[in-house]
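Heads up: the structure comes next, in structure tokens.
Proteins come first, then strands; the chains are lettered A, B, ... in the order of their sequence lines, and each starts at number 1. Side chains included, hydrogens not; waters and symmetry mates left out as well; all remaining heavy atoms used.
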Amino acid sequence: MAFLVNYFKTIYKTLKSLLTGMKVTGYYFTHLREIHTEEYPDNRATLTMFDRFRGEVIMPHNTDNEHRCTGCQACEIACPNGSIKIITKQELLPDGKKKKRIDTFVYHLDLCTMCNLCVVSCPSDAIVMGQNFEHSVYDKKTLKKILNNPDSKLMAGVE
Amino acid sequence: MRGLIEENIITEDGEFILNIGPQHPSTHGVLHLKVWLDGETIKKIEPHIGYIHRSIEKMSERLSYRNFIFATSRMDYLAAHINNEACALTIEKALQIEATPRAKFVRTILSELTRLASHQLWWGCTGLDLGAVTPFFYAFREREAIMAIMEETCGARLTQNFMVPGGIMTDIHPNFQQRTKDILEQIKGKYKEYDDIMSGNVIFENRTKGVGYLSKEDAISFGVTGPTARASGVSCDIRKWNPYSAYDQVEFDEILSNGGDCYARYQVRMKEMRQSVSIIEQLIDNIPEGDFQEKTKMVIKLPKGEYYQRVETPRGELGVYLVSDGSANPYRIKYRSPNFSNLSVLPAIAKGYKIGDLVAIMATIDLVIPDIDR
Amino acid sequence: MSASVIIFYILSAIVLGSGILAVTNSKIFRAAVFLLFSLMGVAGLYFYLNNNFIAAVQMVVYVGGIVVLIIFSIFLTQASGSDMAKPNMGRAFFSALSVIIGLMFTLLFIGEQKFISTTNPSIEPEVKNIGRQMLSTTEHGFVLPFELVSMLLLAAMIGCIVIAIKRPITHLKEN
Amino acid sequence: MNTIFLYSLAGLATLIHNWLGKFISSELGLHILELAIIGLSLIVFLVLLCFFLGYMERRVAAFMEIRLGPNRVGPQGTLQIVADTVKLLFKEGLTPNSSDKFLFNLAPFIMVIASMMAIAPIAFAKDFQIYDINIGVLYVSAISSISVLGILMAGWSSNNKYSLLGAMRSGAQIVSYELSVGLSLISIVILSGSLSLGDIVLSQQNGWWLFKGHIPILISFVIFIIASTAEINRAPFDLAEADQELTGGFNTEYSGMKFAMFLLSEYINLFIVSAIAATLFLGGWMPFHIGGGPSSFNHIMDLIPSSIWFLGKTFTIIFIIMWFRWTFPRLRVDQLLNLEWKYLLPISMVNIIIVTLIAIMGWHF
């Protein structure tokens with residue numbers, strides 16, 4: 001007798017647990033406002049990334065085409081992957097002194113892991129992390145970027 | 001026609017060998033298991049690893065002490081924070097400094113959030129491996145919110161690299177506390193749903209109860225750690241035994257179970273999620289003001305010697321063994337990864353069960369393959 | 001030639017053709033599949049004779065039951081993929097002889113048999129009639145054949161087990 | 001109680017027959033043409049049905065999984081399945097080198113033919129049936145036993161260990177679950193006293209068997225739903241496919257159109273079991289009537305076309321089976337057989353005795 005009682009108890013418990021599970025899925029089937037889908041390419045217009053999101057390294061320039069990079073190469077040392085290469089040149093200042101200035105700030109996006117170490121190590125806050133994350137390209141070569149604009153100058157007062 | 005070569009199906013000894021992986025849906029990565037079968041019953045398992053070896057340890061010898069931390073995010077990518085924290089703690093230990101109180105609190109909160117996110121993913125994947133697709137999406141809904149916190153504060157979702165020797169990289173985002181509280185409320189409201197759809201489901205119970213039994217002795221002798229070992233009754237929570245960061249300032253229970261089977265491992269993880277929520281709740285309103293980072297030198301040089309630091313990742317004990325020769329680069333780094341040890345017990349506990357059980361066992365051991373190979 | 005004759009010949013061709021293929025095929029799994037087609041052709045003949053119930057039973061018992069059992073046992077044997085060994089000449093000779101004798105025997109009977117068209121109305125395959133016929137022991141009752149069919153299934157099952165028993169595989173190692 | 005005002009579709013067939021008779025004089029030619037028309041329209045109907053079921057399954061799954069589901073191709077993603085079909089059509093159908101090519105290519109056809117044959121006796125609407133065979137119930141269960149051979153052939157001929165394991169599983173599964181399906185079908189046969197699906201529908205004029213047959217029929221309905229879910233290899237009984245264990249099981253090696261045919265047969269089978277359940281337990285195309293209730297209510301129910309009734313019931317059951325799939329984990333192979341031999345079969349055997357008792361005593365309404 002105890003066997004039979006157990007038998008039917010098992011069946012009852014089984015059906016109950018299965019129906020409990022179906023209740024959950026049934027709830028979501030009938031509550032469509034719970035849908036969490038991100039319609040990514042469609043919501044591009046409204047999509048805002050968090051301001052700290054690390055998408056790529058960029059070098060902000062002001063309206064006078066000036067940047068803050070002194071060419072100290074701290075970021076190049078800080079980068080674990082060697083994705084930053086700074087080529088410097090000697091520039092003649094108006095007062096006659098020769099000073100080291102950046103020629104090109106080469107940034108290999110394809111090597112970058114967005115670890116933020118370069119930005120943290122920069123003493124003059126010349127580089128920051130940009131929020132753009134759509135980096136796919138057809139030609140790998142275009143991932144090698146030069147961050148300083150052509151003919152850009154060092155901002156006054158930054159040493 | 002070449003015909004059906006029977007050796008392909010069965011070896012000369014009449015053995016049926018099934019190669020599960022390197023590409024297989026339930027190995028969660030490139031793990032290759034060579035399985036000897038008798039019908040559907042597993043006679044023997046031989047894990048073949050190394051498909052995703054990236055020599056993170058060797059690579060770190062070339063990098064400075066500040067730089068090598070980022071690579072550990074790629075080991076156990078579901079617990080990147082905790083891996084990073086382990087490295088940062090090792091360096092702090094060698095430098096004989098401590099992170100600022102604020103950094104300690106934030107580290108602990110972030111680690112527990114990572115643990116929550118990792119357990120969420122594990123919960124979803126366990127359902128997926130057992131054939132229930134839907135829980136995966138419910139798990140990802142909560143995980144997504146945690147990832148948003150990570151993204152807002154750390155700047156990245158998975159490989160955050162937010163830990164630096166002496167503290168955290170930047171201060172927390174102003175929204176951090178509110179968002180964290182919101183997600184905690186959300187998760188607390190979903191416990192019942194998780195139980196309804198998975199834990200209480202009779203099919204799930206039958207699939208996991210009594211399957212993949214791991215005895216306490218075996219767990220110790222194989223070096224199994226983490227929830228897998230705690231489900232066998234081995235008390236091994238580093239957060240309790242060897243508190244780091246702010247774990248000595250919070251009240252929480254080490255979840256132990258004597259079941260040893262898949263269901264016990266499942267329950268231990270489910271309860272750990274509740275503990276993580278409670279830990280974060282204790283800390284989130286009490287983050288002390290102050291610096292988020294202890295001042296360290298630009299180029300860190302560790303004193304000559306050997307240093308070892310261990311932390312509790314969602315999968316077990318991660319140990320960082322660091323040998324310094326006094327220069328700016330580590331002389332040798334060795335990671336004692338939890339997954340490697342946990343994998344080693346798989347052949348012992350899966351023997352005699354069915355193929356379907358193997359999937360359940362792998363799911364509840366919660367293997368992350370890149371952490372095995374490093 | 002009317003349509004029904006054409007259908008009859010097509011069905012017969014299927015039965016005989018796949019029967020011959022089943023016997024001559026050197027791969028045991030394929031032989032089983034051709035046997036399946038042959039049996040399905042027989043079921044088609046029953047359908048053709050408007051005897052739906054027998055046709056369905058033919059499908060359930062032979063196709064769903066026996067052939068599945070045979071295929072299952074083939075799965076369990078280890079040589080399912082390779083060609084079967086050629087039978088030796090003596091056996092082939094005697095089996096051919098018995099086939100010829102059996103064929104002649106059958107032809108003899110068919111020649112002697114006078115096919116009288118019956119005037120009895122066909123029995124409607126209603127559940128009541130089926131039940132009555134199957135369980136009655138009188139003249140039109142089928143309780144004996146019904147039981148014999150279950151014996152046939154049992155025999156098929158035992159045969160499958162015998163086939164499936166693992167043979168010692170020493171000969172493989174010697175090679 | 002012959003107050004059924006349903007629109008009958010019987011006239012349609014006669015109309016077409018007479019119209020075609022004007023052009024074709026020979027009896028044989030007319031027959032062949034009509035057969036071809038029926039076959040072609042059936043295939044078109046089934047393909048369209050599978051498109052719909054594919055779309056439905058995706059949407060049901062998506063909504064249960066708090067996703068949106070297909071919403072790109074066509075309005076509300078309705079053409080997604082067409083896009084998928086086009087993709088599968090153009091995809092290369094690979095045949096593994098060491099497979100048994102004859103059987104490998106034959107298996108999907110066996111599956112589809114078996115599924116399509118089983119649709120013949122189903123009554124889609126009042127007087128709208130392809131073939132009202134007098135042993136309809138037996139016929140369907142006989143034909144459905146062929147499909148297991150298709151799976152066995154596919155699994156074995158792929159020469160892949162996953163496929164072989166999948167085939168072994170599905171063989172054991174289908175052969176054992178056929179018993180429960182058969183027994184729960186027989187419980188209705190006992191009550192209605194007929195094997196013909198048309199007669200069974202007519203016997204439910206004054207109420208569906210689910211209501212007329214008391215609790216035993218409810219039990220056999222539940223058993224039928226569970227066992228037939230297992231027989232058509234759908235989750236939580238999809239051990240033959242078991243993506244997470246066997247990476248697709250018997251259809252691991254199939255691609256392109258041959259894979260699509262397995263998919264097609266799966267959906268047709270889903271439709272058939274639901275249609276059979278609707279016919280046997282829920283009255284097929286019979287509208288919902290309250291016996292002795294207000295006649296106006298019954299009259300309003302009659303106004304709804306019979307095909308809507310039939311399809312509505314069928315799709316409700318299809319939805320329930322889909323609901324199972326997107327909620328439950330998969331069973332293990334031994335648990336699957338346990339469920340059948342320890343629970344479903346004993347219960348249905350006891351149940352059938354009770355049903356017989358009800359039928360003899362005339363306790364049903």
Side-chain angles (χ1 to χ4, degrees), chain C residues 1-7 21 25 27-37 39-40 43-44 46-47 50-77 80-83 122-131 157 160, chain D residues 26-32 35 98-100 102-103 106-107 110 113-114 117 121 131 133-153 155-157 159 164-165 167-168 170-172 174-175 178 182 186 188-196 199-200 359:
Chain C
M1 207 191 280
S2 71
S4 77
V5 178
I6 296 171
I7 291 171
L21 280 171
N25 211 302
K27 288 198 169 51
I28 189 163
F29 193 94
R30 281 195 184 190
V33 170
F34 284 121
L35 177 65
L36 160 79
F37 289 150
L39 292 171
M40 268 157 67
Y46 286 131
F47 272 120
N50 227 349
N51 215 333
N52 296 331
F53 182 73
I54 303 291
V57 168
Q58 164 88 8
M59 296 277 265
V60 170
V61 173
Y62 283 98
V63 177
I66 289 182
V67 174
V68 169
L69 278 176
I70 289 173
I71 289 178
F72 235 74
S73 61
I74 289 169
F75 268 9
L76 298 171
T77 57
S80 55
S82 57
D83 289 3
S122 63
I123 303 162
E124 270 295 300
E126 277 181 2
V127 180
K128 257 181 203 162
N129 294 336
I130 293 164
M157 214 148 78
C160 292
Chain D
S26 108
E27 186 83 354
L28 181 68
L30 193 64
H31 268 292
I32 290 174
L35 280 176
S98 56
S99 66
D100 191 329
F102 170 66
L103 295 180
L106 185 67
I110 295 266
I113 289 170
M117 273 167 80
Y131 180 27
I133 187 168
N134 47 16
I135 48 145
V137 176
L138 191 63
Y139 173 83
V140 172
S141 61
I143 294 293
S144 66
S145 61
I146 300 177
S147 68
V148 60
L149 288 158
I151 293 179
L152 288 174
M153 274 159 71
W156 183 82
S157 64
N159 199 22
L164 189 68
L165 281 169
M168 293 284 275
S170 97
I174 293 178
V175 168
E178 230 163 50
I186 282 173
I188 293 293
V189 172
I190 288 171
L191 284 180
S192 65
S194 173
L195 282 166
S196 156
D199 288 354
I200 290 175

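Summarising the geometry, atom CG belonging to Leu149(D) is positioned 9.0 Å from atom CZ belonging to Phe37(C); distances are rounded to the nearest 0.5 Å.
Among residues two or more places apart in sequence or in another chain, the ring-ring contact (aromatic ring centres under 6.0 Å, His included) test is passed with Tyr46(C) by none.
Between Phe34(C) and Phe102(D), the ring planes are parallel. Angles under 30° get that label, and only those over 60° would be called perpendicular.
When heavy atoms are compared at a cutoff of 4.5 Å, Ile110(D) approaches chain C solely by way of its side chain, counted from C-beta outward.
Scanning all heavy atoms of the two residues, the minimum distance from Ala142(D) to Met59(C) falls at CB-CB, 3.6 Å.
The 12-atom threshold is exceeded at OH of Tyr139(D), counting heavy atoms of other residues, nucleotides or ligands nearer than 6.0 Å.
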